[in-house]
Amino acid sequence: MADGIAWDPLHRELDRWQAAGRVARFWLRDDDTIEPTQALETLMTLACQSEVPLTLAVIPGLTGEALAARLVEDAAVAVAVHGWSHTNHAGPERKKQELGGERPADVVLGELREGFRLLQRLHPARFLPVLVPPWNRIDAALIPALPGLGFAALSVHGRAKQGGPVPLLNTHVDIIDWHGTRGGRSEEELVTELVAELRDRFAGSDEPVGVLTHHLVHDAAAWDFLSALFAVTGRHPAVRWSSASELLGP
């Protein structure tokens, strides 16, 4: 529940922002979209009701016309490029990665070019030229080539480092417990992370706080947290949920 004791630290932090006359910026990214599902409907309905702009990281090699037809009426939904096929090409002892150095760079970049063009064609009104690498990992040697493919930004997970060849629009709080239940993490843990991110912004960082979801694996805990988060932030004057396109600028 959004009014439970677990949410008190976030209430207090947002009140501090309000007292200082400041507004914290949030944005929402959801990964691994392929096609219309009941879970996607739940996410889109929740975001729409809460007036939270939603960015879907869509897997180009696995998607098609069905998703395009479903999204055609939803102006508040943006579509980013989630690699090509979300295939792990790393060795068995390495962290999973599709956009790594295991294959020739021209092959990897060729897939990204194809994925960019495909999603641009399928979703012309809501396409966002942002690359979201599967597993939030990309070989650093590939990044300088991204602007030549048309990408305006890169979105991974963690605090953004400034001065790279491509602007970063990152996420910071992942609501899924990937190393445990593979469902929603505890409210207490997630609220603690949100407050830590906000305190960093209050101290001077202007990076928006990115919340990361994966609708296909959400359990009741994940949905409950997301609903509560939208309720707490949606009615607080010190919060603004922004679209990815707004945060990227012209």
Side-chain angles (χ1 to χ4, degrees), residues 1-14 26-35 37-47 50 52 54-59 62 80 82-83 85-100 102 132-138 154-160 168-201 207-233 241:
M1 294 290 292
D3 296 324
I5 192 171
W7 291 88
D8 286 349
L10 183 58
H11 285 291
R12 289 195 296 270
E13 182 62 22
L14 292 178
F26 285 76
W27 79 288
L28 177 64
R29 192 188 97 199
D30 182 87
D31 286 5
D32 299 348
T33 302
I34 298 171
E35 61 187 357
T37 62
Q38 184 54 56
L40 181 60
E41 290 297 327
T42 300
L43 176 66
M44 292 174 61
T45 298
L46 182 59
S50 305
V52 172
L54 171 63
T55 296
L56 297 175
V58 177
I59 305 173
L62 302 180
H82 199 26
S85 62
H86 214 300
T87 300
N88 176 31
H89 295 284
E93 302 302 321
R94 301 185 62 193
K95 291 183 177 180
K96 292 180 178 180
Q97 188 165 231
E98 179 175 64
L99 309 180
E102 296 80 12
V132 179
W135 298 287
N136 289 295
R137 300 186 185 108
I138 181 171
L154 176 68
S155 181
V156 290
H157 190 72
R159 302 284 175 89
L168 291 173
L169 180 59
N170 286 359
T171 60
H172 309 88
V173 178
D174 187 342
I175 76 169
I176 300 298
D177 178 13
W178 293 109
H179 302 293
T181 66
R182 296 186 69 84
R185 296 166 61 200
S186 72
E187 285 186 335
E188 292 81 1
E189 188 177 13
L190 288 167
V191 168
T192 296
E193 285 191 11
L194 285 168
V195 170
E197 295 293 337
L198 287 169
R199 287 176 177 168
D200 174 73
R201 305 321 188 264
E207 187 178 2
V209 178
V211 176
L212 176 58
T213 63
H214 287 75
H215 66 275
L216 291 174
V217 300
H218 284 194
D219 58 4
W223 290 123
D224 288 347
F225 173 81
L226 208 55
S227 298
L229 175 64
F230 290 169
V232 169
T233 56
W241 283 92

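Every value quoted in this text rests on a predicted model; they were computed, and no experiment measured them.
Looking at every heavy atom in both residues, S155 comes nearest to N136 through O-OD1, 4.1 Å. The two atoms that bring T37 and L216 nearest to each other are OG1-CD2, 4.0 Å, heavy atoms only. Across all their heavy atoms, W241 and T233 have their closest contact at NE1-OG1, 2.9 Å. When all heavy atoms of P208 and L169 are compared, the closest pair comes out as CG-CD1, 4.0 Å. For the pair E187 and A6, the tightest heavy-atom approach, listed with the atom from each and the gap, is OE1-CB, 3.8 Å. Of all non-hydrogen atoms in L54 and D30, the two that sit nearest each other are CD1-CB, 4.1 Å.
Between F225 and W7, the two ring planes are parallel [angle under 30°; tilted spans 30° to 60°].
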Test side-chain contact (heavy atoms from CB on, under 4.5 Å) applied to L229 and L194, step by step: CA-CA 10 Å; L229 175 64; L194 285 168; 3.7 Å; yes
Check against side-chain contact (heavy atoms from CB on, under 4.5 Å), H218 and I176: CA-CA 8 Å; H218 284 194; I176 300 298; 3.8 Å; yes
Derivation of the side-chain contact (heavy atoms from CB on, under 4.5 Å) call for W223 and H215: CA-CA 9 Å; W223 290 123; H215 66 275; 4.3 Å; yes
side-chain contact (heavy atoms from CB on, under 4.5 Å) between V195 and T192, intermediate numbers included: CA-CA 5 Å; V195 170; T192 296; 5.9 Å; no
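Salt bridge present: R199 and E13 bring a charged side-chain N and a carboxylate O closer than 4.0 Å.
Separating the OG1 atom in T33 from the CG atom in L43 is a distance of 7.5 Å, to the nearest 0.5 Å. Atom CZ of R94 is separated from atom NE2 of H89 by 12.5 Å, given to the nearest 0.5 angstrom. Put simply, CD1 on I34 and CG on L56 are 12.0 Å apart, with the number rounded to the nearest 0.5 Å. Separating the CG atom in L62 from the OG atom in S85 is a distance of 6.0 Å, to the nearest 0.5 Å. Here CG of L168 is found 13.5 Å from NE2 of H157. Values are rounded to the nearest 0.5 Å.
For D177 (side chain) and G184 (main-chain N/O), no donor-acceptor pair under 3.5 Å exists by modelled atom type. Between the side chain of E197 and the main chain of V173, no donor-acceptor pair closer than 3.5 Å is present. Of the possible polar contacts, none joining the S50 side chain to the V52 backbone as a donor-acceptor pair under 3.5 Å is found. Distance alone, capped at 3.5 Å, is enough to place a donor-acceptor pair between the E98 side chain and the H86 backbone. Checked by atom type and distance alone, the side chain of H82 pairs as donor or acceptor with a backbone atom of V132 at under 3.5 Å. Between the side chain of H214 and the backbone N or O of D31, no donor-acceptor pair lies under 3.5 Å. With R201 contributing its side chain and E207 its backbone, the two residues share a donor-acceptor pair below 3.5 Å.
Inspection of the T55 and W27 side chains reveals no N or O donor paired with an N or O acceptor under 3.5 Å.
At a threshold of 4.5 Å between non-hydrogen side-chain atoms, the residues V211 and F230 do not count as touching. Taking the side chain as every heavy atom from C-beta outward, P134 and N88 never approach each other to under 4.5 Å. With contacts defined as side-chain heavy-atom distances shorter than 4.5 Å, the pair D32/V217 does not qualify. The side-chain heavy atoms of H172 and N170, taken from C-beta on, include a pair separated by under 4.5 Å.
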